[in-house]
Amino acid sequence: MQLLKQLGKQLGLAILMGSSIFSLSSVSAQAVESQVLVNVDVIYGVNYLKCLLSCTSTQKADVVTIGGRLNLSSSPYISRIIFGRNLLVDPFSINFFNDRNVGGSKPEFTDSLNSSNPFLEVTFNEKPATTEPPNNRLTLDFDYVGSNPPAFPYNNTTCKDGNGCVLFHYGYSEEITSTGPLIPSFFQTLIQLRDGNTLAKDIRPMATPIVTNSQGGVTQYLIIYHEQTDPLENGVVIGVWTEFPVGSGASGDEIPLQKKLKDIVQIQPQSQTLSYSNKNPGSIKISNTRVLLSATQIPLDQLQRKDLPPTDPRFIPLPSADGIIAPGQTTTPVTIQPPQPSKKAMTWIINTSVNVNGKTYVQARYDSQTNPYSGDTSISEVRSLLCIRKSQELASNPIPNIATGTAYTNSWSGGEVFAIPEVVGSSLLSPADADGKCQAAGKNRYGLSGFRMAEFHDANEPYSGFGFYAQSDDPNLSNPGTRFWVRINDQDANPWKL
């Protein structure tokens, strides 16, 4: 997060962050249709937005349009792109740091290429006014007055310039028909503002990452983060996350054989390569490229600086991919080296639940997969985070015939538990960081303080461990097959280093 603030100070006033998931088709002459999901977070500095209209007189402005553009010619393999009409994230109908839900926008799509329209476009536009004064306008108040002042999205401090920032969030899907490997067709991002009768539009060029893919084998997920700037104008940074499904290079039939031969032959994972293509008339600078190869797909909403910053230790820097790309240039492919095996952390299950006097009590415990000494689950994977709050009012055992024991799994904890779903293990940077996530989520969900990450020895009986009973009304704990990050205080089986 400090990197984000430093970039804002060094590079100016506006930062754009984007994330995407791409379905990658095989290289063949046969056309294959795949779906691309694009999710973009746009952060503009207040002074930058004001100066689009008038640096001195603009105090507020209405957002007229937010959207993105694609370039069909960015890949010779792509023959067709259609924007999905159902998978949309509408910046006019969500509260994302700025409090501004105005009931939705009017999405418009241009997804047929012709000579008068050299790019494809999806935009979110304000709806026609139905009241006077209109209540559907997304109005930005630049001087900390009104209902939508500059946001303070990170750690309650201003971001970018000293006057704060405004954040936008939009998303859409693409259905792409390709005769070869897909590449993102990024071309431009845009925003249009209005102050009275004055309109102003800001359009930013984008470069496209290209990944070569090994054929066949187990599907893995290659996540690439990089930042783009205009070398001649340092006022905007575009931070882009892309997530590609890639093959391991070995067929399903070969995997058991590889396992049998692992003591004879060292099987090396197949490497991918990364390059960038610039189809814009001006140069684009690529920097801070980082890559992560994950065994599981990381949810799209976690691919942002807020939840998954590029300083995450699982991301491997790839500085050889950085540099300035001239107009029309595609950079030389750079090999992405397979990562070292990631650290593992301990996980538990919810084994059973009982109802007593109208309340539900669950048994959280180990199972045959649990390894409390060196961990059992890669921290690059997504699991639920088990949180607990102990209190004097819950100290008395309400189910003494069930929750008793010493070093067994059925001791009473004197607490209540809930789960935070879809947490990447490596995002838990320390005990304090994990406890902070539980504290914030517990305060938001129940209005109570004192929640922390559950621990191996949380049962109340002397020398107890391996599990405990606790009160819970969280339906997430009843989902079969769910595993939970749980820490242990005296072993190196946590997502962070001991």
Side-chain angles (χ1 to χ4, degrees), residues 295-296 342-355 360-390 394 397 399 402-439 441-442 445 450-498:
T296 58
S342 67
K343 177 178 171 56
K344 292 184 177 182
M346 182 181 68
T347 59
W348 278 10
I349 63 168
I350 299 298
N351 186 56
T352 189
S353 64
V354 295
N355 294 302
T360 301
Y361 302 89
V362 298
Q363 183 191 37
R365 56 163 286 174
Y366 80 108
D367 67 355
S368 59
Q369 179 179 325
T370 302
N371 185 335
Y373 304 105
S374 58
D376 51 78
T377 302
S378 169
I379 62 172
S380 66
E381 297 188 19
V382 175
R383 297 292 185 269
S384 293
L385 173 61
L386 189 64
C387 302
I388 188 170
R389 172 184 173 268
K390 294 191 174 188
L394 294 174
N397 189 350
I399 42 178
I402 300 175
T404 58
T406 55
Y408 285 87
T409 64
N410 55 349
S411 300
W412 176 243
S413 66
E416 56 187 319
V417 293
F418 76 95
I420 303 174
E422 297 185 341
V423 175
V424 180
S426 65
S427 70
L428 305 172
L429 304 178
S430 67
D433 179 67
D435 291 347
K437 287 179 170 61
C438 287
Q439 170 81 335
R445 186 179 301 191
F451 282 98
R452 58 168 172 80
M453 184 179 182
E455 199 271 332
F456 182 88
H457 306 90
D458 264 332
N460 285 344
E461 297 292 335
Y463 308 109
S464 61
F466 293 97
F468 55 79
Y469 272 90
Q471 181 177 313
S472 179
D473 64 358
D474 186 356
N476 292 321
L477 299 186
S478 61
N479 295 331
T482 302
R483 302 194 68 84
F484 304 86
W485 300 116
V486 175
R487 79 166 174 244
I488 182 168
N489 288 338
D490 55 1
Q491 300 292 331
D492 187 17
N494 301 305
W496 53 85
K497 293 184 179 180
L498 185 66

Student: Step by step, work out the side-chain contact (heavy atoms from CB on, under 4.5 Å) result for I349 and R483.
Tutor: CA-CA 5 Å; I349 63 168; R483 302 194 68 84; 3.3 Å; yes
Student: Report yes if some heavy atom in the side chain of V354 is under 4.5 Å from a heavy atom in the side chain of I402; otherwise report no.
Tutor: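 A side-chain contact exists here, since the closest heavy-atom pair is under 4.5 Å.
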Student: Check the pair E416, K390 against side-chain contact (heavy atoms from CB on, under 4.5 Å), reporting the backbone distance first and the verdict last.
Tutor: CA-CA 7 Å; E416 56 187 319; K390 294 191 174 188; over 6 Å; no
Student: Who pairs with K437 by salt bridge (Lys or Arg N to Asp or Glu O under 4.0 Å), at least two apart in sequence or on another chain?
Tutor: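 Listed in chain order: D433.
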Student: Can you tell me how far the SG atom of C387 sits from the CZ atom of R445, to the nearest 0.5 Å?
Tutor: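 Going from the SG atom of C387 to the CZ atom of R445 covers 8.0 Å.
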Student: For E461, does its backbone N or O pair with a side-chain atom of S411 as donor and acceptor, under 3.5 Å?
Tutor: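 Not a single qualifying donor-acceptor pair exists.
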Student: Who are the side chain to side chain donor-acceptor pair (under 3.5 Å) partners of S430, not counting sequence neighbours?
Tutor: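 None.
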Student: With heavy-atom distances below 4.5 Å as the criterion, would you say the side chains of D367 and W348 are in contact?
Tutor: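 Side-chain contact under 4.5 Å: no.
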Student: Would you say that S384 contacts T482 through its side chain, given a criterion of any heavy-atom pair below 4.5 Å between the two side chains?
Tutor: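 Sidechains of T482 and S384: in contact.
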Student: Supply the atom-to-atom distance N351 CG to Y469 OH, rounded to the nearest 0.5 angstrom.
Tutor: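 So the CG of N351 and the OH of Y469 are separated by 7.5 Å.
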Student: Could you grab the distance from atom OG of S413 to atom CG of L394, nearest 0.5 Å is fine?
Tutor: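 If we round to the nearest 0.5 Å, S413:OG and L394:CG are 8.0 Å apart.
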Student: First locate atom CD1 of I388, then atom SG of C438, and finally report the distance between them rounded to the nearest 0.5 Å.
Tutor: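 Nearest 0.5 Å value for the CD1-SG distance: 10.0 Å.
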Student: Taking C-beta and beyond as the side chain, do M346 and N371 meet within less than 4.5 Å on heavy atoms?
Tutor: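 They are not in contact (no side-chain heavy atoms under 4.5 Å apart), so the answer is no.
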Student: So which heavy atom on A419 is nearest to which on P421, and how close?
Tutor: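 A419 and P421 have their closest heavy atoms at O-CD, 3.6 Å.
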Student: Give a yes or no answer on whether the side chain of D474 reaches the backbone of N476 with a donor-acceptor pair at less than 3.5 Å.
Tutor: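 Yes, because the side chain of D474 sits within donor-acceptor range (under 3.5 Å) of the backbone of N476.
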Student: Please name all residues satisfying side chain to side chain donor-acceptor pair (under 3.5 Å) with S378, sequence neighbours left out, ordered by chain then number.
Tutor: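 In terms of side chain to side chain donor-acceptor pair (under 3.5 Å), with neighbours along the sequence ignored, S378 is linked to S342, S380.
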Student: Write down the atom of A434, the atom of L385, and the distance for their closest heavy-atom approach.
Tutor: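 Scanning both residues, the minimum pair turns out to be O-CD2, 4.2 Å.
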Student: Are side-chain heavy atoms of L477 and F484 found at a separation under 4.5 Å?
Tutor: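 L477 vs F484: side chains touch.
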Student: Can you name the salt bridge (Lys or Arg N to Asp or Glu O under 4.0 Å) partners of D435, sequence neighbours left out?
Tutor: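 Salt bridge (Lys or Arg N to Asp or Glu O under 4.0 Å) list for D435, sorted by chain: R487.
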Student: Could you tell me whether the side chain of Q491 and the main chain of A493 form a donor-acceptor pair under 3.5 Å?
Tutor: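 No; zero donor-acceptor contacts below 3.5 Å.
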Student: Verify side-chain contact (heavy atoms from CB on, under 4.5 Å) between K343 and I379, making sure each step is shown before the conclusion.
Tutor: CA-CA 6 Å; K343 177 178 171 56; I379 62 172; 3.9 Å; yes
Student: So do F468 and V417 actually touch side chain to side chain, heavy atoms under 4.5 Å?
Tutor: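 With C-beta onward as the side chain, the pair touches.
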Student: Check whether any side-chain heavy atom of Y361 sits under 4.5 Å from a side-chain heavy atom of S472, and report yes or no.
Tutor: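 In short, these two side chains do not touch, never coming nearer than 4.5 Å.
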Student: Look only at the side chain of Q439 and the backbone of G450, and say whether a donor-acceptor pair between them is shorter than 3.5 Å.
Tutor: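 It does hold such a pair.
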Student: Under the rule for side chain to side chain contact (heavy atoms under 4.5 Å, CB included), what residues qualify as partners of S478, not counting sequence neighbours?
Tutor: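 Checked S478 against side chain to side chain contact (heavy atoms under 4.5 Å, CB included); zero matches.
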Student: Hey, are the side chains of I350 and R365 touching, using non-hydrogen atoms and a 4.5 Å cut-off?
Tutor: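 In short, these two side chains do not touch, never coming nearer than 4.5 Å.
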Student: Between atom CD of Q471 and atom OG1 of T360, what is the distance when rounded to the nearest 0.5 Å?
Tutor: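 Reported value, rounded in 0.5 Å steps: 8.5 Å.
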Student: Can you see whether T347 engages D376 through a side-chain donor-acceptor pair at a distance of less than 3.5 angstrom?
Tutor: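 D376 and T347 do have a side-chain donor-acceptor pair below 3.5 Å.
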Student: Please list all pairs meeting ring-ring contact (aromatic ring centres under 6.0 Å, His included) that have one or both residues in residues 413-439, counting only residues at least two apart or in different chains.
Tutor: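 Sorted pair list: F418-Y446, F418-F451.
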Student: Measure from the ring center of Y366 to the ring center of F466 and say whether it is less than 6.0 Å.
Tutor: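 Yes, close enough.
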Student: Under 4.0 Å between a Lys/Arg side-chain N and an Asp/Glu carboxylate O for R452 and D458?
Tutor: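 Looking at R452 and D458, the cut-off is met.
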Student: Taking side chain to side chain contact (heavy atoms under 4.5 Å, CB included) as the definition, give me every residue that meets it alongside N397, ordered by chain and number, with sequence neighbours left out.
Tutor: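 I399, P400, A403, T404, W412.
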Student: How far apart are the closest heavy atoms of V423 and W485, and which atoms are they?
Tutor: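 For V423 versus W485, the nearest heavy atoms are O-NE1, 3.0 Å.
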Student: So, using salt bridge (Lys or Arg N to Asp or Glu O under 4.0 Å) as the criterion, who are the partners of E381 when residues are at least two apart?
Tutor: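 Salt bridge (Lys or Arg N to Asp or Glu O under 4.0 Å) list for E381, sorted by chain: R383.
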Student: Provide the closest heavy-atom pair for V362 versus S353 in the form atom of the first, atom of the second, distance.
Tutor: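 Looks like CG1-CB, 3.9 Å.
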Student: Using the test salt bridge (Lys or Arg N to Asp or Glu O under 4.0 Å), find all partners of D473 that sit at least two apart in sequence or belong to another chain.
Tutor: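 D473: no salt bridge (Lys or Arg N to Asp or Glu O under 4.0 Å) contacts found.
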Student: Mark yes or no for whether E455, through its side chain, and N489, through its backbone, hold a donor-acceptor pair below 3.5 Å.
Tutor: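 Present.
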Student: Sequence neighbours excluded, which residues qualify as side chain to side chain donor-acceptor pair (under 3.5 Å) partners of T352?
Tutor: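 Once residues adjacent in sequence are excluded, T352 has no partner under the side chain to side chain donor-acceptor pair (under 3.5 Å) criterion.
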Student: If every non-hydrogen atom of P495 is compared with every non-hydrogen atom of A345, which pair is closest and at what distance?
Tutor: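 Nearest pair, atom of P495 first, then A345: N-CB, 3.5 Å.
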